[in-house]
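Below, chain A is the first sequence line, B the second, and so on; all start at residue 1.
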10 protein chains.
Amino acid sequence: MISNRQQVTDMIRAAKVSKDLRWVQVADAIGQSKEWTTAACLGQMTFTKQQAEIVGELFDLPDEAIAWLQIAPYKGSLPTDVPTDPLIYRLYELVSVYGTTIKELVHEEFGDGIMSAIDFSMDIQREEDAKGDRVNMVMSGKFLPYKTY
Amino acid sequence: MISNRQQVTDMIRAAKVSKDLRWVQVADAIGQSKEWTTAACLGQMTFTKQQAEIVGELFDLPDEAIAWLQIAPYKGSLPTDVPTDPLIYRLYELVSVYGTTIKELVHEEFGDGIMSAIDFSMDIQREEDAKGDRVNMVMSGKFLPYKTY
Amino acid sequence: MISNRQQVTDMIRAAKVSKDLRWVQVADAIGQSKEWTTAACLGQMTFTKQQAEIVGELFDLPDEAIAWLQIAPYKGSLPTDVPTDPLIYRLYELVSVYGTTIKELVHEEFGDGIMSAIDFSMDIQREEDAKGDRVNMVMSGKFLPYKTY
Amino acid sequence: MISNRQQVTDMIRAAKVSKDLRWVQVADAIGQSKEWTTAACLGQMTFTKQQAEIVGELFDLPDEAIAWLQIAPYKGSLPTDVPTDPLIYRLYELVSVYGTTIKELVHEEFGDGIMSAIDFSMDIQREEDAKGDRVNMVMSGKFLPYKTY
Amino acid sequence: MISNRQQVTDMIRAAKVSKDLRWVQVADAIGQSKEWTTAACLGQMTFTKQQAEIVGELFDLPDEAIAWLQIAPYKGSLPTDVPTDPLIYRLYELVSVYGTTIKELVHEEFGDGIMSAIDFSMDIQREEDAKGDRVNMVMSGKFLPYKTY
Amino acid sequence: MISNRQQVTDMIRAAKVSKDLRWVQVADAIGQSKEWTTAACLGQMTFTKQQAEIVGELFDLPDEAIAWLQIAPYKGSLPTDVPTDPLIYRLYELVSVYGTTIKELVHEEFGDGIMSAIDFSMDIQREEDAKGDRVNMVMSGKFLPYKTY
Amino acid sequence: MISNRQQVTDMIRAAKVSKDLRWVQVADAIGQSKEWTTAACLGQMTFTKQQAEIVGELFDLPDEAIAWLQIAPYKGSLPTDVPTDPLIYRLYELVSVYGTTIKELVHEEFGDGIMSAIDFSMDIQREEDAKGDRVNMVMSGKFLPYKTY
Amino acid sequence: MISNRQQVTDMIRAAKVSKDLRWVQVADAIGQSKEWTTAACLGQMTFTKQQAEIVGELFDLPDEAIAWLQIAPYKGSLPTDVPTDPLIYRLYELVSVYGTTIKELVHEEFGDGIMSAIDFSMDIQREEDAKGDRVNMVMSGKFLPYKTY
Amino acid sequence: MISNRQQVTDMIRAAKVSKDLRWVQVADAIGQSKEWTTAACLGQMTFTKQQAEIVGELFDLPDEAIAWLQIAPYKGSLPTDVPTDPLIYRLYELVSVYGTTIKELVHEEFGDGIMSAIDFSMDIQREEDAKGDRVNMVMSGKFLPYKTY
Amino acid sequence: MISNRQQVTDMIRAAKVSKDLRWVQVADAIGQSKEWTTAACLGQMTFTKQQAEIVGELFDLPDEAIAWLQIAPYKGSLPTDVPTDPLIYRLYELVSVYGTTIKELVHEEFGDGIMSAIDFSMDIQREEDAKGDRVNMVMSGKFLPYKTY
């Protein structure tokens with residue numbers, strides 16, 4: 001009996017290690033970006049029927065799990081409000097240190113509103129650099145102005 | 001008596017509104033990016049003596065405040081662990097939803113380690129789009145591998 | 001020296017009591033709904049220059065305060081994560097009790113995505129009822145589907 | 001051995017996915033609104049004997065589970081004080097941003113008291129809109145004035 | 001400038017000590033119970049104009065404070081979620097120890113619903129007892145059944 | 001292997017539903033009030049050997065469970081500091097709204113000290129009322145004065 | 001205007017330093033133990049009129065402060081749930097490490113109930129020891145058995 | 001597979017109830033005080049090989065568990081920061097109410113430093129008293145002065 | 001099915017006790033320091049294939065576990081924000097008491113930036129001392145200056 | 001009126017900036033290490049009379065402040081449980097990632113007990129390194145074994 005998406009994510013994580021798969025292979029198989037595909041496998045996005053079946057085959061999932069992959073999940077991938085993992089904490093630190101800065105600059109450019117986290121895409125690339133390679137993350141979200149009424 | 005950087009940030013915020021200055025004007029005046037300059041004015045970075053004096057003149061700050069701008073501040077710009085402001089919350093939500101995804105992809109590409117939040121730069125631009133303009137944020141941080149010993 | 005919007009909200013609250021104004025009067029004066037107007041006066045929305053001047057006159061605000069009203073504020077109007085005030089707590093209780101229900105029904109109708117809290121409007125009316133009048137709140141938010149990429 | 005309602009909710013969630021049922025079908029079967037029915041299936045409301053038997057048949061529940069459906073449950077459907085799921089968070093954000101506004105307007109209209117979350121109903125509809133369909137939520141709760149004594 | 005009810009409560013507390021008043025005297029003066037009157041003086045209830053004027057006179061309050069007494073306050077009288085004061089903590093402990101018991105017994109008698117904390121009254125009396133006098137608190141709240149719809 | 005009282009409470013809850021017992025029946029069987037009996041069954045009080053055997057028979061408990069019922073349990077019946085269940089939350093709300101009031105009135109009557117939550121009893125009754133029946137809770141606790149030394 | 005006991009504690013702390021008084025001198029002056037006296041000066045206990053006047057004279061307090069000393073204070077002397085000060089933390093650590101032990105041994109000796117923190121006294125002494133002097137704390141609280149009813 | 005000390009504590013608790021042992025019997029068997037012995041059985045202290053074998057025999061523990069008893073455990077015996085159990089809460093309340101008092105008196109007698117919670121012993125006794133027997137706890141910890149360097 | 005690194009850590013901990021291994025033996029076997037090796041075994045670092053196989057052999061781990069040891073883990077080894085274990089708490093206390101001191105001295109010497117916790121090594125040694133042996137911890141982290149841009 | 005040590009720390013911080021002093025100068029003046037001296041100036045340690053007078057002269061403190069410097073302070077230098085400042089956070093991260101490792105290695109070497117944070121010293125040095133200079137922190141604390149009794 002599978003009663004939540006987390007159980008499916010656990011199956012995928014276990015299968016990924018024992019089959020030694022890479023996320024980019026999964027992304028290629030379903031024809032989406034590696035960012036969206038990984039988020040979806042980790043329980044944050046909803047697959048179409050066709051995508052879910054491909055994922056199910058790659059990770060040897062039971063039918064019940066494939067059905068769960070097509071249902072909008074309860075999102076949020078971290079166990080604590082302030083993440084303890086150093087890589088993820090650095091992202092949280094950026095929000096803490098630069099949060100008010102980003103707010104000021106977006107408002108200066110666009111007025112009051114937000115950058116959407118739904119109509120959103122992300123691209124992570126290695127940036128070669130003589131002083132040590134860099135992680136390059138591009139985030140793009142639609143600006144949504146506050147509506148008056 | 002000024003006993004912490006927050007008091008200087010309050011002075012800058014008040015002067016910015018009453019003088020109707022824009023952050024890009026401040027950035028131009030000190031010759032740094034608008035992202036770094038805004039973060040520094042909001043109490044997250046340390047100015048050089050020369051930069052501090054320019055900032056002090058722009059915002060009519062007393063000498064004591066100008067001295068504080070040259071001292072490494074206690075960083076962290078938000079009043080709560082989980083930010084309440086919708087624009088800043090969306091960034092936090094991205095960490096929550098995509099945090100494990102970014103972790104997986106960075107590790108897949110680089111091995112174990114982190115993206116530095118110190119040897120780091122950020123660029124925020126308006127991206128024109130027929131379906132509604134987008135906020136485009138590029139983050140670039142040096143990859144730091146865990147050292148064995 | 002005014003260094004944040006909360007100080008302006010405090011001025012408005014004090015003036016509203018001493019002048020015995022009603023929110024609907026303010027809304028009429030600026031030609032917006034009572035819901036948006038009240039939220040804006042309480043520091044959650046951004047006024048245009050013209051609106052800010054009318055509000056400034058109604059509440060006898062200094063020029064500096066009128067300038068702050070035109071700047072996108074740090075939002076969030078409550079002092080604690082779980083509100084203590086009984087009226088506001090009932091709204092929080094509805095999120096707690098009905099949150100998963102609303103999620104299920106919106107996903108069943110629209111697929112994965114959210115109801116926007118930005119492209120959003122609200123209307124609060126008294127609904128006469130023989131067994132005791134009712135509060136009727138209509139909330140309308142644009143559905144934003146998750147984007148794949 | 002079933003020792004709490006959550007176990008029954010897990011059974012219903014698992015059966016709903018494997019049988020591919022929709023909440024509106026369940027609502028039709030028991031003759032209540034889709035909002036109340038979904039909340040009840042998710043462990044927030046109490047079924048009558050007759051309703052519980054219908055629900056038990058639809059989801060193939062054991063007798064013990066059907067007995068639990070008729071008992072007032074320990075309510076609250078979310079795992080954290082501040083919800084992490086974006087759809088549910090937006091509702092929480094509305095409480096945070098508009099909470100004081102709703103309080104002011106209800107008090108202006110009705111005096112001191114609250115909107116009941118018990119003598120309450122809700123209706124969620126799709127609102128067609130050329131600029132993108134909207135989620136329309138109507139909440140109706142009896143006003144309860146504070147009693148003096 | 002008075003911008004919230006807490007400031008009025010502080011004035012009342014200060015005046016009560018310097019004038020050596022008792023709550024029952026205040027209750028007698030406005031013709032309400034000592035329980036409601038004390039709660040109202042401590043910023044939890046709303047006075048009528050006439051009551052506010054009597055209270056204002058008793059505590060030598062300025063007109064602005066008297067106006068605030070007639071406005072529905074943001075309620076909640078304690079500085080922390082779990083109270084530190086031993087007398088108040090014991091009440092919290094009763095909720096913690098007996099909370100599920102009260103829930104069971106109210107549901108056994110009335111079905112699903114709640115005891116109102118709004119249509120509510122309380123009476124505190126000294127109960128003489130040879131083994132040591134007792135505090136006797138009677139709480140009476142209207143039962144509100146959950147509505148189906 | 002039973003290693004804590006919670007496991008026994010789970011057995012009792014499961015048996016109560018499948019056997020359709022009422023708390024008052026249990027109370028009658030052991031000759032105590034329904035309030036104390038329910039609290040004891042829910043893991044908050046300690047039974048005597050004789051009471052434990054009666055309870056064990058009513059709920060078909062194994063000998064090991066009957067032994068646990070005679071041991072002082074780790075008390076506290078709620079999963080979170082601020083309860084999410086609406087019925088129990090209303091009690092918490094009363095502590096929040098009326099806490100300082102009760103403190104003032106008890107001190108005015110008795111001086112500094114507390115109402116005991118140990119030398120304590122409670123009685124819950126239905127109070128018939130034309131405008132809707134009421135829940136009537138009487139709490140009686142010995143006053144304990146602070147000792148000087 | 002003094003509106004809470006904390007303000008009086010601040011006055012006492014300031015005066016104690018500038019006058020270089022010791023707590024035992026205060027205790028001698030009012031004829032109580034140094035433990036009770038210190039707790040009372042730090043805002044945790046209630047003085048009689050005569051004691052308050054002596055304390056007022058020793059610390060040069062205004063009449064208003066002397067009146068506050070005779071009123072039961074809102075108790076709790078620490079700024080955080082888990083104390084940061086190392087000396088006080090060690091006491092908290094003892095509760096954390098030995099809490100279940102003390103519970104077991106008190107119940108083994110007395111049955112279910114508690115050690116009163118109200119009908120309580122404490123004595124702190126230096127215990128000479130060749131390996132380094134020790135702090136010796138004796139705590140004595142009346143055992144209060146749970147009442148059945 | 002036993003992977004933490006908590007599992008051993010659960011075994012001991014279960015065996016203690018089913019065998020109806022008393023802590024003092026265990027203490028006698030290993031020749032240590034009842035306080036230290038109970039703390040060690042509840043997972044807070046480390047047994048020697050010989051003690052562990054005696055404890056293992058008394059509670060019928062497997063060899064693996066006996067090995068775990070000889071390993072320094074992760075300490076802390078309570079499930080929440082602020083304990084919910086009334087007996088243990090009273091100890092926490094004493095830290096909250098008397099914490100600053102103890103700090104003042106220890107510093108007045110010894111200067112800056114702490115009472116050790118490691119070089120520490122405790123003795124719990126019944127103190128007969130006509131007005132009701134008392135719990136008498138003696139705590140003795142070495143004073144450790146802060147070192148300058 | 002192994003779905004996270006914690007399960008592997010549990011296997012290692014269980015095997016270490018039943019086989020009576022010491023961390024230094026493991027460190028010798030893989031040719032790394034005892035500090036890095038222990039951290040890696042406790043789920044905080046990533047092993048190479050060769051190291052993982054040696055560790056797998058030492059602790060009799062299944063192949064699936066050996067695969068997990070080569071994957072970057074979700075880091076953070078403690079169950080609570082403020083650790084309850086006294087040995088680990090002392091480290092936390094040092095951060096609390098000396099945190100601002102270390103910040104001041106590092107900034108005074110190096111300017112604004114941080115000590116890396118990634119390009120970092122640690123060495124723990126026993127320091128013999130007539131007054132009682134000491135724990136000597138040497139921490140060495142690369143200084144990373146904030147970058148301007 | 002100075003009523004706590006924080007006010008003195010604020011005076012010292014303000015004077016340090018306006019007089020452009022360095023901590024090492026203060027350390028030299030009182031003849032202690034820069035680590036202890038900085039901690040003491042930041043409100044974490046207690047000065048002798050002679051040291052306090054030197055510090056008072058360096059920072060132009062009033063007599064009242066000099067008296068406060070000689071009193072054991074309420075320790076803890078950080079505003080939140082989890083520090084937001086990146087430099088200090090890295091220390092916290094080390095406790096989180098390496099906490100269990102340090103615990104294991106200290107216990108393996110010394111048996112059960114702790115490293116004292118009181119009988120403790122620290123030395124921070126710049127370590128030159130071709131790949132970038134390093135921060136070198138040496139911590140030395142007396143090992144305190146748990147006592148049996």
Side-chain angles (χ1 to χ4, degrees), chain A residues 22-24 34-36 38-39 42 44 75-78 81-83 85-110 113-117 119-120 122 124-127 129 131-144, chain B residues 22-24 34-36 38-39 42 44 75-78 81-83 85-110 113-117 119-120 122 124-127 129 131-144:
Chain A
R22 289 169 59 85
W23 296 116
V24 288
K34 65 182 184 307
E35 288 78 14
W36 185 89
T38 307
L42 296 177
Q44 306 300 313
K75 298 174 178 72
S77 67
L78 303 176
D81 275 5
V82 178
D85 182 80
L87 184 142
I88 299 176
Y89 181 80
R90 294 311 179 273
L91 300 169
Y92 179 78
E93 184 176 303
L94 291 173
V95 176
S96 171
V97 170
Y98 282 102
T100 49
T101 293
I102 296 170
K103 181 175 171 65
E104 291 288 324
L105 294 174
V106 171
H107 291 329
E108 198 160 284
E109 178 62 33
F110 291 90
I114 65 157
M115 177 182 79
S116 181
D119 186 336
F120 173 85
M122 182 170 57
I124 301 175
Q125 297 296 341
R126 176 190 282 259
E127 186 186 327
D129 188 300
K131 280 175 272 173
D133 286 4
R134 301 178 77 80
V135 180
N136 194 288
M137 293 174 49
V138 183
M139 294 174 164
S140 164
K142 189 174 175 185
F143 179 75
L144 306 178
Chain B
R22 288 169 60 84
W23 296 115
V24 289
K34 66 184 182 304
E35 288 77 13
W36 186 88
T38 307
L42 295 178
Q44 306 299 314
K75 298 175 179 72
S77 67
L78 303 176
D81 275 6
V82 178
D85 181 79
L87 184 142
I88 299 177
Y89 181 81
R90 295 310 179 273
L91 300 169
Y92 178 79
E93 184 175 304
L94 292 173
V95 176
S96 172
V97 170
Y98 281 102
T100 50
T101 293
I102 296 170
K103 180 174 173 65
E104 291 288 323
L105 294 175
V106 171
H107 291 331
E108 199 160 281
E109 177 64 33
F110 291 91
I114 64 158
M115 177 183 79
S116 181
D119 187 336
F120 173 85
M122 183 169 56
I124 301 174
Q125 298 295 342
R126 176 191 282 260
E127 188 186 327
D129 190 298
K131 279 176 273 172
D133 286 4
R134 299 178 76 81
V135 180
N136 195 287
M137 294 175 47
V138 183
M139 295 175 163
S140 164
K142 191 177 175 184
F143 179 74
L144 305 179

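Judged by distance alone, with hydrogens and angles left aside, the side-chain atoms of B:Glu127 form no donor-acceptor pair with the main-chain N or O of A:Ser140 at under 3.5 Å. A donor-acceptor contact shorter than 3.5 Å is absent between the side chain of A:Glu35 and the backbone of B:Thr101.
Contact count versus chain B (heavy atoms, under 4.5 Å) is highest, among A:Val97, A:Leu78, A:Asp129, for A:Val97. Top candidate by heavy-atom pairs under 4.5 Å with chain B, chosen from A:His107, A:Lys34, A:Glu93, A:Glu104, is A:Glu104. Interface check for chain A: of the options B:Glu108, B:Arg22, B:Gln125, the most heavy-atom pairs under 4.5 Å are formed by B:Glu108. Looking only at heavy-atom pairs under 4.5 Å with chain B, the residue among A:Arg126, A:Arg90, A:Lys75, A:Lys142 that has the most is A:Arg126. Chosen from B:Gly113, B:Gly99, B:Ala117, B:Ser96, the residue pairing most often with chain A at heavy-atom distances under 4.5 Å is B:Ser96. Between chain B and the options A:Met115, A:Lys131, A:Met137, A:Gln44, heavy-atom pairs under 4.5 Å are most frequent for A:Met137.
Interface remark: B:Leu91 contributes backbone and side-chain atoms alike to the contact with chain A (heavy atom separation under 4.5 Å). Proximity to chain A involves both the backbone and the side chain of B:Val138, based on heavy atoms less than 4.5 angstrom apart. With a threshold of 4.5 angstrom between heavy atoms, A:Ile102 approaches chain B through its backbone and through its side chain.
Using cut-offs of 30° and 60° on the angle between ring planes, the pair B:Tyr98 and A:Phe120 is tilted.
Separation of atoms CG (B:Leu94) and OH (A:Tyr92) is listed at 14.5 Å; rounding is to 0.5 Å. Note that CG of B:Leu144 is 11.5 Å distant from CG of A:Asp133, once rounded to the nearest 0.5 Å. Residue A:Met122 holds its CE atom at 7.5 Å from CG of B:Leu105, rounded to the nearest 0.5 Å.
We find that A:Arg134 and B:Asp119 are joined by a salt bridge, their nearest charged nitrogen and carboxylate oxygen being less than 4.0 Å apart. A salt bridge links B:Lys103 to A:Asp85: one of the charged nitrogens lies within less than 4.0 Å of a carboxylate oxygen.
Put simply, the side chain of B:Met139 does not reach to within 4.5 Å of the side chain of A:Asn136, judged on heavy atoms.
Under 3.5 Å, the side chains of B:Ser77 and A:Thr100 contain a donor-acceptor pair of N or O atoms.
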